[in-house]
Visitor: 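Okay, handing you the structure first.
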Amino acid sequence: MGRDTIAEILTFIRNANMDGKKVVKIPSTNITDKIIKLLLREGFLENVRKHQENGKYFLVLTLRHQKSKKRPLTNILNLKKISRPGLRIYSTSKKIPRILGGIGIVILSTSQGILTDREAQLEGIGGEILCYIW
């Protein structure tokens, strides 16, 4: 049985975020690098750096937290995996769902690479819906 690397990185980030950790280390692959770059560009992460240990590459992510008066840290990152190995979900460019009225993003795997919902709609292409982030 194969590994679902996208689900694993989303789970790493979600667990670290719920635990209030500022930094999380995830294994680096081509698809995880592209997804993390999208998250950084969209403002869901503060910083990303590549780290090598024992010949393996890892991404060290700095999560963005919000401080409030009642609680020390508030989670501002919600992630939901949509497509999975047993059930792929595809969408055309006109039927890509909007998350929270456009506040969140949908990450798609298209013929042009890994794109956000806005980029895919501008290009006029659809693809496999990987995850929702808000």
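For the single chain, residues carry numbers from 1 onward in sequence order.
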Visitor: Do Leu63 and Glu46 have side chains that approach each other closer than 4.5 Å (heavy atoms only, starting at C-beta)?
Guide: no

Visitor: Side chains of Ile129 and Pro97, heavy atoms from C-beta outward: is any pair under 4.5 Å?
Guide: yes

Visitor: Using a cut-off of 6.0 Å, state whether more than 12 heavy atoms not belonging to Lys37 lie near its atom NZ.
Guide: no

Visitor: Please tell me if the side chains of Tyr132 and Ile82 come closer than 4.5 Å, counting only heavy atoms from C-beta onward.
Guide: yes

Visitor: Return the CD1 to CD1 distance between Ile31 and Ile9, rounded to the nearest 0.5 Å.
Guide: 8.0 Å

Visitor: Give a yes or no on whether Arg49 atom CZ has more than 12 heavy-atom contacts from other residues, nucleotides or ligands under 6.0 Å away.
Guide: no

Visitor: Does any non-hydrogen side-chain atom of Val106 lie less than 4.5 Å from one of Arg118?
Guide: no

Visitor: Do we get Lys50 above Tyr57's six-membered ring, with its NZ or CZ under 6.0 Å from the centre and within 45° of the axis?
Guide: yes

Visitor: Would you say that Glu53 contacts His51 through its side chain, given a criterion of any heavy-atom pair below 4.5 Å between the two side chains?
Guide: yes

Visitor: Side-chain contact test, heavy atoms from C-beta onward, threshold under 4.5 Å: evaluate it for Thr32 versus Glu8 and give yes or no.
Guide: no

Visitor: Would you tabulate the side-chain donor-acceptor contacts of residues 107-115 under 3.5 Å, counting partners in other chains and residues two or more places apart, or write 'none'?
Guide:
residue	atom	partner	partner atom	Å
Thr110	OG1	Gln112	N	3.1
Thr110	OG1	Gly113	N	3.4
Thr110	OG1	Gly113	O	2.8

Visitor: Is it true that Leu77 and Leu130 fall in one hydrophobic cluster, defined by side-chain heavy atoms closer than 4.5 Å?
Guide: yes

